[in-house]
Visitor: 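Can you keep this structure in mind? I'll have questions shortly.
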Amino acid sequence: MSFSRKILDWYEEHKRPLPWRQTSDPYKIWLSEILLQQTRVAQGLPYYEKFITHFPTVYDLARADEETVLKLWQGLGYYSRARNLHATARTIAEDYEGRFPDNHRDLMRLKGIGDYTASAIASISFGRPEPVVDGNVYRVLARYFGVELAIDSPKGVKYFKELAREVMDMEHIRDYNQGLMEFGALHCKPKNPECETCPLNNSCHALQKGQVSTLPVKGNKTRVRERFLNYLFVRDPLNRTLFRKREGRGIWQNLYEFPFVEADREIEKAALQKEVAISIGDFRVKDLVRINNNKIIHKLSHQHLHVNFWMVPVDRELPEGIPVGSLKEYPVPVLIADFIEKYLVNSNALENA
DNA sequence: AATTCGGGGTG
DNA sequence: CACCCAGAATT
């Protein structure tokens, strides 16, 4: 039996009943694919339900404010996906009469849609014979065919894409593509793959050669940057505070946060007090008080954020102040959401600080 | 060709 | 702790 036939049979027996598998509506397929980029099904699933409920059609999403979209996306990470999702919804509504392109080339022109996602939508929604190559597919193909090229090298990317095209079943492309990914996610797992019960175990190259634990091969390892952030919870007599949209490049673009002082190392209270006196301008700043008792190290893929939150009481009303009670309405990074929840909602922790 | 975009689950 | 996740965009 062929490779693709075994994948299809396995999928028929083991597939999970996920909501985007009940339809071929390109809007829903597209939404699910954007949500699931670099994201596990279990983590993305509740967000899919939320988005479909709030935005049943692409027009509903196009009509929304970006801030509303970011708020719904809050907690999922890689927020450029949300911004691009919103931008593409508007493109589809305004320039495409609400209909998604039905082929790989035209899908690729839309923001947030790269080679993988274009192939996924073209095949799953429109039945086009396009192979998908995600992290799961890299693993299954590398092991089964014994490919030792690094999956994150240009040669590797090209080779795996061509290999995937050669072995796909274009007659059953919807189930084949989803089945191959599902097989990688549930059976041919990164660690402890279940080779004993694998339908491919009599012809898997890695299994015969003892390479299951060394394939696939990956090249670049990520370097982590250490950063030191001091967030300022400036509070005026009316319990208003300063809250700003994060602009420019870098993490958390267009999300909200408190003003902050960044240093190249852990900063002392006296030095910070000096900085704060400058940045708050002519406001009289009383004593700074560190709010968090324990060290906060917020870990991202490429950054370790060493964070302190400081109470900065000021003696008169802030013209740009926002009521503390309304902070929860803004889209914020998890780090800020956790702070608000811990110190500003269940608030007695703050009074003890 | 390398880096940089989050956050959470896993072993 | 390191690794991984239905990758894309930028440099």
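Throughout, a chain's letter reflects where its sequence line sits, starting with A, and its residues are numbered from 1.
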Visitor: What do you reckon, are the aromatic ring centroids of Tyr343(A) and Phe233(A) less than 6.0 Å apart?
Guide: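 Ring centres of Phe233(A) and Tyr343(A) not closer than 6.0 Å.
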Visitor: Would you call Lys71(A) and Glu67(A) a salt bridge, taking side-chain N to carboxylate O under 4.0 Å as the test?
Guide: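 Not counted as a salt bridge, because no side-chain N and carboxylate O are separated by less than 4.0 Å.
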Visitor: Send over the distance from Leu255(A) CG to dG7(B) P, rounded to a whole Å.
Guide: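 Computing the Leu255(A):CG to dG7(B):P distance gives 8 Å.
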Visitor: Can you tell me how far C1' of dG9(B) sits from CD of Gln43(A), to the nearest Å?
Guide: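 One finds 8 Å between C1' of dG9(B) and CD of Gln43(A), rounded.
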Visitor: It should be established whether Lys189(A) places a side-chain nitrogen or oxygen under 4.0 Å from OP1 or OP2 of nucleotide dG11(B).
Guide: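 Result: no.
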Visitor: Could Lys189(A) and Glu194(A) be called an ion pair, given the rule that one side-chain N must be under 4.0 Å from one carboxylate O?
Guide: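 Salt bridge between Lys189(A) and Glu194(A), a charged N being under 4.0 Å from a carboxylate O: yes.
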Visitor: Going 5' to 3' along nucleotides 6-11 of chain C, which nucleotides have protein heavy atoms under 4.0 Å from the base (write B), which only from the sugar-phosphate (write S), and which from neither (write -)?
Guide: BBSS-S
Visitor: Rounding to an integer number of Å, can you tell me how far Lys218(A) NZ sits from dA2(B) P?
Guide: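 Interatomic distance, NZ of Lys218(A) to P of dA2(B): 16 Å.
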Visitor: Work out how far the P atom of dC5(B) is from that of dA6(C), and round it to whole angstrom.
Guide: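 About 23 Å, rounded to a whole number of Å.
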Visitor: Taking atom C1' in both dA8(C) and dG9(B), compute the distance separating them and give it to the nearest angstrom.
Guide: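 Comparing C1' positions in dA8(C) and dG9(B) gives a spacing of 23 Å.
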Visitor: Atom CG of Leu70(A) and atom P of dG7(B): how far apart are they, to the nearest Å?
Guide: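 After rounding, the reported distance stands at 12 Å.
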Visitor: Between Thr39(A) and Arg81(A), is there a side-chain donor-acceptor contact under 3.5 Å, judged purely by atom types and distance?
Guide: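 A donor-acceptor contact under 3.5 Å links the two side chains.
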Visitor: Atom CD of Gln74(A) and atom C1' of dG8(B): how far apart are they, to the nearest Å?
Guide: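 The answer, rounded to whole Å, is 15 Å.
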Visitor: When rounded to the nearest Å, what value does the distance between P atoms of dA9(C) and dG8(B) take?
Guide: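 Rounded to whole Å, the distance is 24 Å.
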Visitor: By nearest heavy atom, map Tyr79(A) and Ser153(A) onto DNA chain B; which one lands nearer the 5' end?
Guide: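 Nearest nucleotide further toward 5': that of Ser153(A).
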Visitor: Rounded to whole Å, please give me the gap between NE2 in His302(A) and C1' in dC3(C).
Guide: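 That distance rounds to 13 Å.
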Visitor: Rounded to the nearest Å, what distance is computed from the CG atom of residue Leu305(A) to the P atom of nucleotide dC5(B)?
Guide: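 Distance check: Leu305(A) CG to dC5(B) P gives 10 Å.
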Visitor: Arg225(A) has a side chain; which of dC1(C), dT3(B), dC5(B) sits nearest to it?
Guide: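 Nucleotide nearest to Arg225(A)'s side chain: dC5(B).
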Visitor: Could you tell me the separation between the CZ atom of Arg83(A) and the C1' atom of dG6(B), rounded to a whole number of Å?
Guide: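 These atoms are roughly 12 Å apart.
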Visitor: Out of dC4(C), dT3(B), dG6(B), which has the shortest distance to the side chain of Ser301(A)?
Guide: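 Selected nucleotide (nearest to the side chain): dG6(B).
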Visitor: As a test of understanding, state which of Trp310(A), Phe309(A), Phe339(A) forms a side-chain contact (heavy atoms from CB on, under 4.5 Å) with Tyr231(A).
Guide: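 Only one option passes, and that is Phe309(A).
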Visitor: Give Gly44(A) one of three labels, base, sugar-phosphate or nothing, depending on what nucleic acid heavy atoms sit under 4.0 Å from its own.
Guide: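 Since no nucleic acid heavy atom lies under 4.0 Å of Gly44(A), the category is nothing.
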Visitor: Scan Gln303(A) against the nucleic acid and name what it touches under 4.0 Å (heavy atoms): base, sugar-phosphate only, or nothing.
Guide: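 The residue Gln303(A) makes sugar-phosphate contact but no base contact.
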Visitor: Is a donor from one side chain sitting under 3.5 angstrom from an acceptor on the other, for Asp175(A) and His172(A)?
Guide: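 The criterion, which ignores hydrogens and geometry beyond distance, is not satisfied for His172(A) and Asp175(A).
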Visitor: Under 4.0 Å from OP1 or OP2 of dG7(B): is there any side-chain N or O of His298(A) that close?
Guide: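 So the side chain of His298(A) is within the cut-off, an N or O lying under 4.0 Å from OP1 or OP2 of dG7(B).
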Visitor: Could you tell me how the ring of Trp30(A) sits relative to the ring of Phe100(A): parallel (under 30°), tilted (30 to 60°) or perpendicular (over 60°)?
Guide: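 Because their plane-to-plane angle lies in the 30° to 60° range, the rings of Trp30(A) and Phe100(A) count as tilted.
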Visitor: Heavy atoms only, 4.0 Å cut-off, all strands: where does Gly184(A) land among base, sugar-phosphate and nothing?
Guide: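 Nothing, no heavy atom under 4.0 Å.
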Visitor: Would you call Glu182(A) and Lys15(A) a salt bridge, using N to O less than 4.0 angstrom?
Guide: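 Salt bridge: no.
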